[in-house]
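What follows is a set of notes on a single structure, which appears directly below.
In listed order, ligands and their atoms are each counted from 1.
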Amino acid sequence: MLILGIETSCDDTAVAVLEVHPVKSPDGGTTKWLFDRVKVKSNVVSSQVKLHAKYGGVFPSLAAREHEKNLPKVLKLALKEAKIKIEDIDLIAVTKGPGLAPSLWRGVNFANELAKRFKKPITGVNHLEGHIYSNWLRPTGEKSKTQMTNDKIFPALNLIVSGGHTELVLMKGHGRYKIIGETLDDAVGEAFDKVARMLGLGYPGGPAVALRATKFKVESSSSYKIKFPRPMINSKDFNFSFSGLKTAVLYKTREFTRLPDGQEKLSPKIVNQICYEFQEAAIDVLISKTIKAGEKYKVKSVMLSGGVSANKSLREKLEKKISAELNNVKFFKPDMTYTSDNAAMIALAGYMKKKNAKQGSVKVDANLNLG
Ligand code: KG4
Ligand code: ZN
């Protein structure tokens, strides 16, 4: 069957076409034993990054207006690339939350109108559930990850790290979630963005901070002198906090700016060092809590997702730590194409919940929780 995914929760207008072939399990049921075969036929994302960069972050009313303008064009491109007509679609899946309400409404209204006009079933998808399912996707045209069979991955621990969320979610099976930890203040991606803004590195901050961190490593680690706290690393729960770390970066930045003449100011080298240590501190906390949660819940796999999962250092360090400290636990990470917001992940999450989905129109829930 063919699923049309639509995603407009933040500043990316995304439409994708997914083809799914249900696989029969040896016991006769479908999808219980083997994960269905999934192929991304098209995955179009129209980014508004340049537009919002001058505001240093996403400007909600502007984002909504852009979605409205872009949606018909992005849909047309996605259908063309998939070589299908809208009439061929079997299901429409649209992000209904969490996210920016004006942006979400543009996608949901657009999807509801399509569903009505072409008489297609429609389902509303949780954006975070979409990120979780990005782990099953392969680049456009390639077949699904066959090693991700249900018996080998569940219970799975999901570390979802994005601009709006930092969550540890225990997944007992498809559609069965329990949030076991979350951030008490800033999301980790938000902290990357704010640190980048403090240091004048532009928006979005994550990739810029990550790049400067690499430069420090290449230059010399011997000149290492900046140290930041690892908030809540020893707390007994699985929650996070990144606002203290962000404030520590702010104070350090001010210290260097106010130094008397003759001493090293906030030079590019110091900026690289601040980025490196900030990234290390954030990653240390994420990994430490993930490992502890993995042990406690005796999971079979750990999955990483969300915009910050594009961070190379996080991907590599988490993988190493899991193989060193969690016995026989598999590690999955999304292909780089699917780390940031996209509609292929929404289409897959929508397909997975279609059996429970109520027919009819979808409403936005901007503060939607997984659970
Ligand atoms: O999932 P996403 O695309 O949108 C939300 O749902 O929020 O995540 C965007 C976030 C931004 O905060 C961005 O700075 C961060 O992901 N990000 C990164 C990297 N690439 C994107 N953070 C750290 N390192 C990266 N390489
Ligand atoms: Zn996202």
Quick one: are Phe278 and Phe192 in side-chain contact, heavy atoms under 4.5 Å?
yes

Less than 4.0 angstrom from a charged side-chain N to a carboxylate O is my criterion; do Asp237 and Lys289 meet it?
yes

The Zn ion (ligand 2) is nearest to which N, O or S atom of Asp341?
OD1

Are His174 and Tyr351 close enough that their ring centres sit under 6.0 Å apart?
no

Kindly check if the number of other-residue, nucleotide or ligand heavy atoms within 6.0 Å of NZ (Lys80) is above 12?
no

Hey, is Glu295 close enough to Lys292 for a salt bridge, meaning N to O under 4.0 Å?
no

Which part of Asp193 is near ligand 1, with near meaning a heavy atom under 4.0 Å away: side chain, backbone, both or neither?
side chain

Hey, is ligand 1 close enough to Gly206 that some N/O pair sits below 3.5 Å?
yes

Test of proximity, Thr339 against ligand 1: N or O pairs below 3.5 Å
no

How does His165 reach ligand 1, if at all, at less than 4.0 Å between non-hydrogen atoms: by side chain, backbone, both, or neither?
neither

Quick one: does Ala210 get an N or O within less than 3.5 Å of an N or O on ligand 1?
no

For the residue pair Phe216 and Tyr276, categorise the inter-ring angle as parallel (less than 30°), tilted (30 to 60°) or perpendicular (more than 60°).
tilted

Is Val308 reachable from Leu211 through a run of hydrophobic residues whose side-chain heavy atoms are each under 4.5 Å from the next?
no

Mode of Lys312 contact toward ligand 1 - side chain, backbone, both, neither (heavy atoms, under 4.0 Å):
neither

Does Gly189, backbone or side chain, put an N or O under 3.5 Å from an N or O of ligand 1?
yes

Using a 3.5 Å cut-off on N or O atoms only, is Gly163 in polar contact with ligand 1?
yes

State whether the shortest distance between N or O atoms of His131 and N or O atoms of ligand 1 falls below 3.5 angstrom.
yes

Below 30° counts as parallel, above 60° as perpendicular, anything between as tilted: where do the rings of Phe240 and Phe242 land?
parallel

Mark up the atoms of ligand 1 that fall under 4.0 Å of a heavy atom belonging to Ser340, in ascending order.
3 (O)

May I ask you to list the atoms of ligand 1 that are less than 4.0 angstrom from any heavy atom of His127?
6 (O)

